[in-house]
Structure formats: structure tokens, C-alpha cells
Protein chains: 2
Amino acid sequence: MTTGGKLRSSKQRDRILELLRATDEHPTAAWIYDQLKAEFPRLSLGNVYRNLHILVEQGAIEKIEGGSTFDRYEAVGTPHCHLVCESCDAIVDLELPMSAVEELTERLNENGPYRATRARLEFYGLCESCVAEEQD
Amino acid sequence: MTTGGKLRSSKQRDRILELLRATDEHPTAAWIYDQLKAEFPRLSLGNVYRNLHILVEQGAIEKIEGGSTFDRYEAVGTPHCHLVCESCDAIVDLELPMSAVEELTERLNENGPYRATRARLEFYGLCESCVAEEQD
DNA sequence: TAGTTAATAGGAATCATTCCTATTCTTAAG
DNA sequence: CTTAAGAATAGGAATGATTCCTATTAACTA
Ligand SMILES: [Mn+2]
Ligand SMILES: [Mn+2]
Ligand SMILES: [Zn+2]
Ligand SMILES: [Zn+2]
């Protein structure tokens, strides 16, 4: 719907991507909107969503669904998995090796009748600060 | 909010759980509602949601978020992972071994400052019928 | 510089999910 | 068996993230 034709450059979209590349906080559309509305006084939330969608289709960012009522986004970089804190809803990047997941993906594509292009591994539990708080 | 006190039995909730245990289709709340409204003519969608929530808190079922705009549910059983079809939105159970994921979970809990209670592994791509359709 | 067309702002609309409350059912006394 | 207490439900309103629509603005091109 949005892609297919030639994309024109857009300062807003460029800044959204820059923001996502500069943080490891897995922001929401509303957070991005808040960050940029000083810089673009006429920015609209709908346009943030539209550009996030375009960036996802371009493969520059990924949408992270689940864990809460709103979606989060992150720039595409080194493959990694996440810990979703069930207490404070934080999403933390993990540095676990992804080789096991890659092997499973290959195995799935070899044997099965499916075609998997990517995998997502998430752990659910408590983040560092919430583990600490648990000892009262 | 709902749990904590003693739960009373409920025919509706029992049937919801039965339905989820009898299918591998990862149904939505609306689908469950459609299935049961003949049996319970006065059933309300809100009550389906309320009971799904209770069943999740009881650990009898799991909510599957992501892949589409509505949540899906499945009965808790043998641990497995899913293939999410990006073409038709189907969610397919996979029989890949989960040992690698269990090892990663242990590893995470040993070294890191986190506490992970469960993991979720999902593959994204094409389901069997959508792979077949691709050869036109 | 003017024309063409994509990108945007603003706001309405969507829709899955949650929330609220009067009513109905379940259960355990009496 | 009858009844009182309170849990579960139905129905519908409310919520809120996301999408959709359209007039306006801005970027590229000739
Ligand atoms: Mn991340
Ligand atoms: Mn499943
Ligand atoms: Zn936390
Ligand atoms: Zn499919």
C-alpha cells in the first residue's frame, strides 16, 4: 500500500530512524512522537505510524508486538533476543548467542514444508532492577 | 484483580478451556465466542475475555500476541514453538526440539542479573499451503 | 519558475479489548 | 426445602492504540 513506487526522502522519517538507531529502549510510536515534536512542531502521530510502517517494510526497523497494549520498535542490527520484564514491562537486549536459533531455522527450512525467513526468541521474567526490588 | 479469592466453577469457563484443548488452531476470543454462543445463547464476548484472562492467570492457557491485530490463545501442553505465516496469518505448531531454548534459558538465569521463567520462540515466513501457492 | 506528485497534518473512524453495573446463578447455611 | 451472600454473567458503554481519509504542504523535475 505504501511501498512499490519510488520513495521520496523525508526529514521526519530520517529522524525517526536515527532515533531508533541511537537507543536500545525499544520505543513506542508515542515516545518517538514526543521526542520529535519539538523539532517538528507540526508533526502528527499518524505520520509517525506511517513512517514506522514504511521503515518496517524497508527492513530498516522491526516492530515488537506483545508484552503490552502498544507496539514497540527497534532498529535492525546485530541479531539478538529480548527479556520482557513482566513486572515493569521493560524490554532488555540480551547477548545470548543466536547460533542455536539459526540452526533451528535451517533445520526447519530443510525438513519441513514451511519457509521461515526469520525467528524471534523472547524470554519472560524479571529485569535486573525488578529482581533487585524483589528482596525487600 | 480477578484472582486471589476462591474461584467458583463456571460452565462457560470450562467449555472455553475444553475448546482450546481440543484444537490446534490458536483461536481468537471472537472465534471462541462464535463457537459457544449456540450452546450459551446469552454468552457475552466480555465474559469470554474475562475467562480467558482467568485461565491465563491460572496457567491453563497462554495468550499469543503478535502477528495480527488480535490476540490468540492456546491450551498449555507440550512446549513447542510456532511458525507465523506472513501471508495468511496462520499460526502452525512446530515439532522442533526445545532443548536448545531450555539450555539458553538456564544459561540466562545462571550468568545474568535476570530471572527468566519462560521463553517463546517464533518463526516468521510461509505456512505449507502458502508455500505451495507461491508456485503459480 | 512552474508543474507534478509524494509526504504531511489534522482529525475522524476503526476495532479489539477493557470496564462498569444491574442481574442471574451457585453454594452453603439454616 | 428456603434463603441469604456473593461470585459470575450479560449487556453495553468506554478506552485507546492504530488506521484511514483528505486538504494542504513540500520536494523534485523539466
Ligand atoms: Mn532489542
Ligand atoms: Mn501452539
Ligand atoms: Zn522490570
Ligand atoms: Zn499461510
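Below, chain A is the first sequence line, B the second, and so on; all start at residue 1.
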Among A:Thr28, A:Asn47, A:Leu43, A:Ile16, which residue meets the side chain to side chain contact (heavy atoms under 4.5 Å, CB included) test with A:Tyr33? A:Leu43

Side-chain donor-acceptor contact under 3.5 Å, B:Glu122 with B:His82: no

Counting side-chain heavy atoms from C-beta on, which of C:dA7, D:dA8, C:dT18 comes nearest to A:Ser10? C:dA7

Within this structure, what is the CG-to-C1' distance between A:Leu7 and D:dC28, rounded to whole angstrom? 14 Å

Candidate nucleotides C:dC25, D:dT18, C:dT17, ranked by approach to the side chain of B:Arg8 - the nearest: C:dC25

Of the listed nucleotides (C:dT27, C:dT24, C:dA9), which one gets closest to any side-chain atom of A:Ser44? C:dA9

Residue mapping more 5' on DNA chain C - nearest nucleotide basis, A:Val48 or B:Thr28: A:Val48

Here the distance between atom P of D:dA8 and atom CD1 of B:Ile54, to the nearest Å, is 6 Å

Describe the nucleic acid contact of B:Ser9 in one word from base, sugar-phosphate, nothing, applying a heavy-atom distance below 4.0 Å. sugar-phosphate

Using a heavy-atom cut-off of under 4.0 Å over every strand shown, decide if A:Tyr49 touches base, sugar-phosphate, or nothing. base

Take atom CD of A:Glu57 and atom C1' of D:dT19, then tell me their distance rounded to the nearest Å. 14 Å

Closest of D:dC28, C:dA9, D:dA10 to the A:Leu43 side chain is C:dA9

Which nucleotide sits closest to the side chain of A:Arg42: C:dA9, D:dA10, D:dA27? C:dA9

Below 4.0 Å: OP1/OP2 of D:dA26 and any side-chain N or O of A:Gln12: no

Closest approach to the side chain of B:Ala29, judged atom by atom: which nucleotide of D:dT18, C:dT17, C:dA9 is it? C:dT17

Partner of B:His26 under side chain to side chain contact (heavy atoms under 4.5 Å, CB included), picked from B:Ile91, B:Asp71, B:Leu20, is B:Ile91

Roughly, in whole Å, what's the span from CG in B:Asp89 to C1' in C:dA16? 15 Å

What's the separation between atom CG in B:Leu19 and atom CD in B:Glu25, rounded to the nearest 0.5 Å? 12.0 Å

Here the distance between atom P of D:dA10 and atom NZ of B:Lys11, to the nearest Å, is 12 Å

Closer to the 5' end of DNA chain C via nearest nucleotide, is it B:Phe70 or B:Asn47? B:Phe70

Please report, rounded to the nearest Å, how far the C1' atom of D:dT24 is from the CZ atom of A:Phe40. 18 Å

From CG of B:Asp71 across to C1' of D:dA17 the rounded distance in Å is 13 Å

Can A:Glu18 and A:Arg15 be said to form a salt bridge (Lys or Arg N to Asp or Glu O under 4.0 Å), step by step? CA-CA 5 Å; A:Glu18 278 184 32; A:Arg15 290 289 293 126; 2.9 Å; yes

Report the distance from atom CG of A:Leu45 to atom C1' of C:dA7, rounded to the nearest whole Å. 16 Å

